[in-house]
Amino acid sequence: MKIGAAAVASSVSQRMIRHYEAIGLIPRPSRRDSGYRDYAPADVNRLRFIANARDLGFATEEIAELLALWNDQGRASAEVKKLALARADALHAKARKLEAMRATLLDLAGRCTGSDRPDCPIIDELSS
């Protein structure tokens with residue numbers, strides 16, 4: 001199938017498919033006589049796998065590891081679990097940082113009168 005059909009079937013944009021090819025997450029497909037890329041169903045499955053991993057927050061390097069594990073029928077599930085738990089820990093740390101940022105913004109906004117006067121604790125905090 002052509003790249004457009006692969007994009008629709010996998011829910012991955014054509015631009016991202018080309019990017020994944022360029023960085024080696026998916027192999028470059030064969031070309032038709034017309035020069036168009038020719039994607040197989042296995043390529044679409046791989047693209048879906050990548051998209052699902054991205055949706056869970058995995059980084060490109062982690063996705064490459066997951067793909068290698070996916071293709072290794074002799075893999076230990078402990079390796080996959082280790083990657084998933086590490087990603088969950090990283091997301092938890094990021095969520096804590098985001099919540100701290102939110103709390104700071106709410107505090108600053110709560111101390112701001114929002115009036116026509118120029119004094120503003122938000123600006124004061126940003127400039128300190």
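Predicted, not measured: the structure shown is a model, and the values here were computed from it.
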> Without swapping roles, check the side chain of D43 against the backbone of A40 for a donor-acceptor pair under 3.5 Å.
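It does hold such a pair.
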> Measuring from I123:CD1 to S128:OG, what's the distance to the nearest 0.5 Å?
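The CD1 atom of I123 sits 11.0 Å away from the OG atom of S128.
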> Supply the atom-to-atom distance L91 CG to L98 CG, rounded to the nearest 0.5 angstrom.
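CG of L98 is found 10.0 Å from CG of L91.
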> Please set out all donor-acceptor pairs under 3.5 angstrom arising from side-chain atoms of residues 100-113, sequence neighbours excluded.
from, atom 1, to, atom 2, distance (Å)
T104, OG1, A100, O, 3.0
D107, OD2, R111, NE, 3.2
D107, OD2, R111, NH2, 3.2
T113, OG1, S115, N, 3.4
T113, OG1, S115, OG, 3.1

> Which one of Q14, M1, R18, K2 satisfies the side chain to side chain contact (heavy atoms under 4.5 Å, CB included) criterion with R37?
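When side chain to side chain contact (heavy atoms under 4.5 Å, CB included) is applied between R37 and each of Q14, M1, R18, K2, only R18 qualifies.
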> Are V8 and L47 co-members of a hydrophobic cluster defined by side-chain heavy atoms under 4.5 Å apart?
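No, L47 and V8 fall in different hydrophobic clusters.
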> Quick check for you: to the nearest 0.5 Å, what is the distance between L56 atom CG and L83 atom CG?
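Output value for this atom pair is 12.5 Å.
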> So, R15 and H19: side-chain donor and acceptor under 3.5 Å apart, yes or no?
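Side chains of R15 and H19: no pair found under 3.5 Å.
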> Quick one, T60 and Y20 - any side-chain contact, counting heavy atoms below 4.5 Å?
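Side chain of T60 against side chain of Y20, heavy atoms only: no contact under 4.5 Å found.
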> Within this structure, what is the CG-CD1 distance for the pair L25 and I50, rounded to the nearest 0.5 Å?
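Reported to 0.5 Å precision, the distance equals 4.5 Å.
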> Sequence neighbours excluded and cut-off under 3.5 Å, please list the side-chain donor-acceptor pairs for residues 74-82, or say none.
from, atom 1, to, atom 2, distance (Å)
R75, NH1, L69, O, 2.9
R75, NH1, W70, O, 3.2
R75, NH1, D72, O, 3.0

> Output the distance between atom SG (C120) and atom CD (E125), rounded to the nearest 0.5 Å.
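Between atom SG of C120 and atom CD of E125 there are 11.0 Å.
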> Restricting to side chain to side chain contact (heavy atoms under 4.5 Å, CB included), what partner residues turn up for S34, sequence neighbours left out?
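Here the qualifying residues are R32, Y36.
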> Examine distances only and state if a side-chain atom of R54 and a backbone atom of A59 form a donor-acceptor pair shorter than 3.5 Å.
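Absent.
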> Looking at every non-hydrogen atom in both residues, tell me the closest pair between R46 and L67 and how far apart they are.
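Distance-wise, the nearest heavy atoms are NH2-CD1, 3.7 Å.
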> If you count the non-hydrogen atoms of other residues, nucleotides and ligands that lie under 6.0 Å from CZ in R31, is the total more than 12?
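For R31, atom CZ is crowded (more than 12 foreign heavy atoms under 6.0 Å).
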> Between E21 and P27, is any pair of side-chain heavy atoms under 4.5 Å apart?
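Result no, sub-4.5 Å side-chain heavy-atom pair not found.
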> Could you report the tightest heavy-atom contact between A84 and F58, atom names first, then the distance?
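Scanning both residues, the minimum pair turns out to be CA-CZ, 4.0 Å.
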